[in-house]
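Some notes on the structure that comes next.
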Amino acid sequence: MQHMLYETDGPVAVITLNRPDKANAVSGLTLNEMDECFTRAADDGEVRVIVLRSVGKHFCAGHDLSGSDEALEKAAAGDSGPARGSFVDWKERGLEAIYEWETIHYLGYSRRWRDIPKPTIAAVQGQCIAGGLMLCWPCDLIVAADNAMFSDPVARMGIGGVEYHGHTWELGPRKAKEMLFTARRIDATEAEAAGMVNRVVPLDELHAETMALAHEIAQMHPFALAQSKRAVNRTMDIQGFYSALQAVFDIHQTGHGNALSVGGYPILTGLSEMKKSQSDD
Ligand code: ZN
């Protein structure tokens, strides 16, 4: 694996996002490797709890928009052409390609990780931006370092939120709207008050606190843990979580469709740069 590390500490699997030079931005390759890690942990009978963490200053800067993987994957595909869904070939196939790719890599993976029948814990430090939310929100618990900041500024790109609409469920409707409307960052304390994170710990204790919590949970009966998780997730699904995710994913796609139609690119980049330069601090 190039972007991920996988290890176990007794009954705890630790999945580590390891792209600190890119502020842990996620590309298609990153997500495929992360899915491999989650699958491995889910399939390993010795693993009872899964921790997702990242190396470096920031948990995750969001989607890697550099397209670096795209070139690699195209080259690897050779003369036979790329496998469908292996990269976003939107220039050839338009919104259909975006919809297909994001169904697999964003909504699909996040939804699958959310339903792994083992407790998952995300440890978040520094910035957790847009696509980063789609990594920590599907986890059952979130431990935040006291410097953690959560944001989804994609309204600056003409899009109404990232592909996995956890916002309303995680924050409640008013805070969700504020987060989306203003693109501002929610700090760890505010996230804890909203019920979005379980606990806030000093940055230098983040890993130790997360592992202690994981080991504590790992003492419980694995079937009871799976059933507890299922009980909460199914309750949310009956309230509409699962259907809402799909519905809002489709709303997200109309954002890409609009950007393509007016700017010829899946996001409104000019708007993004303008707003970013105004708000950089
Ligand atoms: Zn998208």
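Each ligand, and each atom within it, is numbered from 1 in the order the structure gives. Residue numbers run from 1 in the order of the sequence given.
Ordered by chain and number, Glu102 OE1, Glu102 OE2, Glu163 OE2, His252 NE2, His256 NE2 make up the set of protein N, O or S atoms under 2.8 Å of the Zn ion (ligand 1).
A salt bridge links Glu190 to Arg184: one of the charged nitrogens lies within less than 4.0 Å of a carboxylate oxygen. Salt bridge annotation for Asp237-Arg114: present, with a cationic side-chain nitrogen under 4.0 angstrom from a carboxylate oxygen.
Residues satisfying the salt bridge (Lys or Arg N to Asp or Glu O under 4.0 Å) test with Glu7, not counting sequence neighbours, are none.
With hydrogens and angles disregarded, no donor-acceptor distance shorter than 3.5 Å links the side chain of Glu163 to the backbone of His252.
Sorted by first and then second residue, the pairs that involve residues 12-51 and meet ring pair (Phe, Tyr, Trp, His ring centres under 6.0 Å), not counting sequence neighbours, are Phe38-Trp113. Here ring pair (Phe, Tyr, Trp, His ring centres under 6.0 Å) pairs that include residues 118-160, with residues two or more places apart or in two chains, are Trp137-His167.
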